[in-house]
Structure formats: structure tokens, C-alpha cells
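A short worksheet on the structure shown next.
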Amino acid sequence: VVQIAVASPDHKTLVAAVQHIKYEDVLANAGPFTVYAPTDAAFNALPAGTLDDLLKPENKATLQDILEYHVALGVMKPEQMSNGRSVGMANGGNVKFTVAGDGTVMINDAKVLGSVPASNGLVVVIDKVLLPHNLAQILRAQPVSQRPRRFLFQSGSSKEVAHIIRQKYSSPPARRD
């Protein structure tokens, strides 16, 4: 999954964010994962100053939560993205798929532009950054200068899912002598 994003000229911001929180090894492991990959244009469409704020060291946990909201365990093939389907994400949140009459697939309010199979999953290219509901409301309601420094999701389930992912996919493979 990581190699596909790194090779894409349209995903430099996503790759930088993944590297910033040191998730490149997590996403390079066995998986399988479905990564909903916002384009650089999607990141540029965030409210002014948001991306710069997210890359600050004190906001690392918020960026981590946002990126985990773009990852589902398992492979969600395009034909499985059915109208009304809800899928749990790595941060414990859920996304919802809708399919328009013309076949356009949406994940929350992001349009699915295409997908690329990877050796450890699937990369689904989307045109918007997916934001957990509580964070999306804050970003719309407050100017950058008035936002809280950290948006930590208090749900036990999101912390548990993130912990499981880190445990399962962050450890180096066992040595075989």
C-alpha cells in the first residue's frame, strides 16, 4: 500500500503525513488493508492553516486519528462498496458508502476516483480528506487560531482498534533461525 502511494505523483501530502507519524512500516506490513487515499488536491481543500496545524508535533495524535480514519482492515473491493454500507475504520469510527444512479461511489462526502490493488491490500483514491464527525464540526465552526491543540477521541473502542493495529502490524517479523 505504501509503495503505491509513494509512487503516485498525486499523493505526496498523504505520504508526508504517514511518514510524519511513522506509519509507513505499519502500512507496509502484511495487512490486508484498504486505504482510502486522498489526493494532494483533497488536502489542499482543507480550511486554510489546517494541514500546517496537523503537522505540528503537539497535534500528532490528531493527525494519527485522521489517518486511521482512512484505513479499514481487510480488502473492500469496489463491488463491495454498496449503497448504505457502513464500514469500521482503524480509529474506531465508521464511514458510509452511497452509490448514485450513475454509479458514482461516495465514502461519506468523498468521491471514489479509482482503486489500485496492492500486495497487502487495496488503495482507493478519493477526492476529499475523510474527517471524523466531531473533528469535521470543529474545523467548520472555529478559525484555526481558536481550535483546541489536540482532538483526542475518547471512545475506548477507537483506542483499542488503534492499539490492536499497532501491535499486530508494527512489530518486526519473528526471526527464524
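Values in this document were obtained by computation on a predicted structure and should not be read as measured data.
- The distance from atom CG of L55 to atom OG1 of T62, rounded to the nearest 0.5 Å, is 11.5 Å.
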- [ ] Decide side-chain hydrogen bond (donor to acceptor under 3.5 Å, both in side chains) for S8 and D10; before the verdict, give the C-alpha distance in whole Å, the side-chain angles of both, and the deciding distance to 0.1 Å.
- [x] CA-CA 5 Å; S8 169; D10 297 320; 4.7 Å; no
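- Transitive grouping of hydrophobic side chains (ILVMFWY, heavy atoms separated by less than 4.5 Å) brings L67 and V15 into a common cluster.
- By the side-chain hydrogen bond (donor to acceptor under 3.5 Å, both in side chains) test, T39 is found to be paired with no residue, residues two or more places apart in sequence or in another chain being considered.
- Considering all non-hydrogen atoms of both residues, L14 and A37 come closest at CD2-CB, 3.6 Å.
- Between P132 and N91, the closest heavy-atom pair is CG-ND2, 3.8 Å.
- Interatomic distance, L113 CG to T104 OG1, rounded to the nearest 0.5 Å: 10.0 Å.
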Open item on the list: Between N120 and F33, is the side-chain contact (heavy atoms from CB on, under 4.5 Å) condition met? List the steps.
Closed with: CA-CA 6 Å; N120 65 342; F33 306 106; 4.0 Å; yes
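- Under the 4.5 Å side-chain criterion, counting only non-hydrogen atoms from C-beta, T13 is in contact with L51.
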- [ ] Evaluate the side-chain contact (heavy atoms from CB on, under 4.5 Å) criterion for residues T34 and K77: first the C-alpha distance (whole Å), next the side-chain angles of each, then the deciding distance (0.1 Å), finally the verdict.
- [x] CA-CA 8 Å; T34 300; K77 296 177 183 175; over 6 Å; no
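- Side-chain contact between P38 and H70: present, with at least one pair of heavy atoms (C-beta onward) separated by less than 4.5 Å.
- The side-chain contact (heavy atoms from CB on, under 4.5 Å) test with N108 is passed by exactly one of L131, L130, T98, N94: L130.
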Open item on the list: Pair R85, Q80 - check side-chain contact (heavy atoms from CB on, under 4.5 Å), show working.
Closed with: CA-CA 9 Å; R85 183 167 186 172; Q80 294 172 308; 3.6 Å; yes
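- Using a 4.5 Å heavy-atom cutoff, the side chains of L122 and P78 are in contact.
- Transitive grouping of hydrophobic side chains (ILVMFWY, heavy atoms separated by less than 4.5 Å) brings V105 and V75 into a common cluster.
- When every heavy atom of D40 is checked against every heavy atom of P9, the shortest pair comes out as OD2-O, 3.6 Å.
- The two residues K56 and H20 come nearest to each other via the heavy atoms O-NE2, 4.4 Å.
- Atoms CD and CG, on E58 and D53 in that order, are 8.0 Å from each other to the nearest 0.5 Å.
- Within 6.0 Å of NZ in K22 there are 12 or fewer heavy atoms belonging to other residues, nucleotides or ligands.
- There is a path of hydrophobic side-chain contacts, each under 4.5 Å, that joins M76 to M89.
- If you run side-chain contact (heavy atoms from CB on, under 4.5 Å) between V129 and each of F43, Y69, Y36, only F43 comes through.
- A single hydrophobic cluster is not seen to contain both V99 and V125; linkage of ILVMFWY side chains at heavy-atom distances under 4.5 Å, directly or through other members, places them apart.
- Note on M81: it clusters hydrophobically with V87, by side-chain heavy-atom contacts below 4.5 Å among ILVMFWY residues.
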TODO: Begin with the C-alpha distance, continue with both residues' side-chain angles, and end with the deciding distance and a verdict on side-chain contact (heavy atoms from CB on, under 4.5 Å) for I126 and I107.
DONE: CA-CA 8 Å; I126 56 176; I107 176 171; 3.9 Å; yes
